[in-house]
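Comments concern the structure below.
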Amino acid sequence: MSLISAYRAYSSLTGEQKSILKEKTIDGSRTVAEWIALLGGVARYDGAADPLRQGVGCLSAIGFLLAFIAGVATGSFVLFIVVVVATVPFLILYGSLRRSDISNLLREFVLPLLALMREDMSAEAPLHLKLDLGKGMTDAKRTDQKPLPGPRTIVQSSYRNGWMEGDGTLTDGSTLAWSIVDLIRERKVTRRNPRGKTKTKVKYKVRRMIDMRIGLRRDDYLLAGTAPKGGGNERIDVKSGEKRNVLRVRRVVESADPDAILDLDDFIGPLAAAYRRVALNNAEEK
Amino acid sequence: MAACAVKRGIITLRDCGEEGINTCSVCSRPVCAEHTRMESGELLCVECYAKRQEDARASEKAATKSRGATAKSPARRQDDDTWEDPSWAYGYRHHYYGSYGYQPFYHGHYYDSYYDQYDVRSFDATDSTAAEGDQSDAGGFYDS
C-alpha cells in the first residue's frame, strides 16, 4: 500500500518539486502560501516514502540472507542466483528511495512553521527562504577531524550544517531574518575487549543555534528596557536605529541526536523574547 | 452582520477583516466562512474549535501519562499533517500563550473581551467608535 501511495505522491509532483528532491536545496522568494504549496507536495512524498524505504531495506536484507542460506544449505548455485536476482529489484528501489530522501525537518518543522508564518505575514508579502534538506554530516559540511589522545581510539569530527535561513516582513511592519545552524560533534570510540573483539560506539553532541534579527519600528514600539519575563535562555542584543530598534536574539538548543526535530517553541521563543522587550508606542496614534 | 471577531496572528494580533456570516455556538461571536468550523453539527469559530482540540489532546496526554507512558506535549505534534488545517495555528497559539505567558500585541479596531485571557497589549488610542454596533460584547482596548 505504501508503494502505491508513494508512487501516487511522486507522480503528482511537478518538475520543480522533483528537482528539490534531487538537489535537496532551495533558495528563493515566494509568498507563504506558495511555499506551502511547493513544499507540501514534497513533504507528502517524503512522508509516504520513509516507511516504504525502511520496508524495502528490510526486504533486501532478508533476500540476501535467504540467498546465502539457500546457497549454503542446499548447495544449489541456481537457487542462490534465483533468490539474489529476485532481491535485486528491491535493492534498486531502496537505492532510489535513499537518493530521494530528504530531512524530516521539512515536514516536521519547516511546514508547521510556515503554517504559523501564514498568520503573521500578509498574503502578498514575499518570504525569502534558503533550505538545505540534505544530510547534516557529509564531507562537505565537515569542518574538522582529528584523533583524540587517550587509551582508547577516539576520532572526533565536527560538522557545521546551516539548514535554514529566511527573512520577510511581518504584518505589523517589523522585519524578521533568521538562520538555524547545527554544530555537530561526532566521536567515534573504538576499543578492543579482553576477548579481542573490537567495538565502536558513536556519540553525538549537537548545538543548534537559532539566530534572529528583528527590526521593530520605533513609531510602533518603544524599548521597555527591562529583562523579558517568562522568556527562555536567549541572549538579546539591542541596537537603536533611526527608524527601527533592531534586536538580535540567539537561542541555543543542545541535543544528543543529530536528527532531532526542532521544537516550534524554540523558534517562536526568541521571536517572542524580542517582543517582550518592547512596549507599544502609544504616543503615536495609528 | 458584524465583522468576523477572530484575530489573525501569533506574535501580534490583528482583525480578520472579513464579514461574519455565522455565529459561534460557544462564544457567540460573529465569524466569517474561513474561520468557521463544523463539529458534531455545531458551528464553531476556529479559536473555540482549536481550544477544544488542544484540550482533547491535553486530556489524552494526561491519560497516557497516568498509564506510565511518555507522550509529546499536545502542541508539539509537528509530525503529522494537522498543520495543514488553518485551525492548527490557532491551537498552537493557544498552547504558546498558555505555556509561556506571552502577551501578544493587538493592532486593530475590533478588540473584544474574548482575548482578555491572554492579557493582550493594545494601543490606548484604538478607535473605539469603529467597534460600535459591530460587536455586542466588545471589551476594553487596554491591557486587561
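A note on names: the letters A, B, ... follow the listed sequences, proteins ahead of strands, and every chain is numbered from 1. Atom set for the values below is all heavy atoms of this structure, side chains included, hydrogens, waters and symmetry mates excluded.
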Looking at Y45(A) and S100(A), would you say the former's side chain and the latter's main chain have a donor-acceptor pair under 3.5 Å?
no

Chain A heavy atoms under 4.5 Å from R14(B): which part of the residue, side chain, backbone, both or neither?
side chain

Counting heavy-atom pairs closer than 4.5 Å to chain B, which one of A43(A), S174(A), A115(A), G47(A) comes out on top?
A115(A)

Should the ring pair [X] and [Y] be called parallel, tilted or perpendicular, given that the plane angle runs from 0 to 90° and is split at 30 and 60?
X: F105(B); Y: Y275(A); value: tilted
X: Y102(B); Y: Y97(B); value: tilted
X: Y92(B); Y: W88(B); value: parallel

Ring-ring centroid check W163(A) F109(A), cutoff 6.0 Å:
yes

Do H107(B) and Y221(A) have their ring centres less than 6.0 Å from each other?
yes

Using heavy-atom distances under 4.5 Å, tell me whether I36(A) contacts chain B through its side chain, its backbone, both, or neither.
side chain

Per-residue contact mode, M117(A) against chain B (heavy atom under 4.5 angstrom):
neither

For residues 34-48 of chain B against chain A, heavy atoms under 4.5 Å, the residues are none

Could you tell me which residues satisfy side-chain contact (heavy atoms from CB on, under 4.5 Å) with K130(A), sequence neighbours excluded, listed by chain and number?
D27(A), E165(A)

Modelled atom types, side-chain donor and acceptor of D257(A) and Y204(A), under 3.5 Å
no

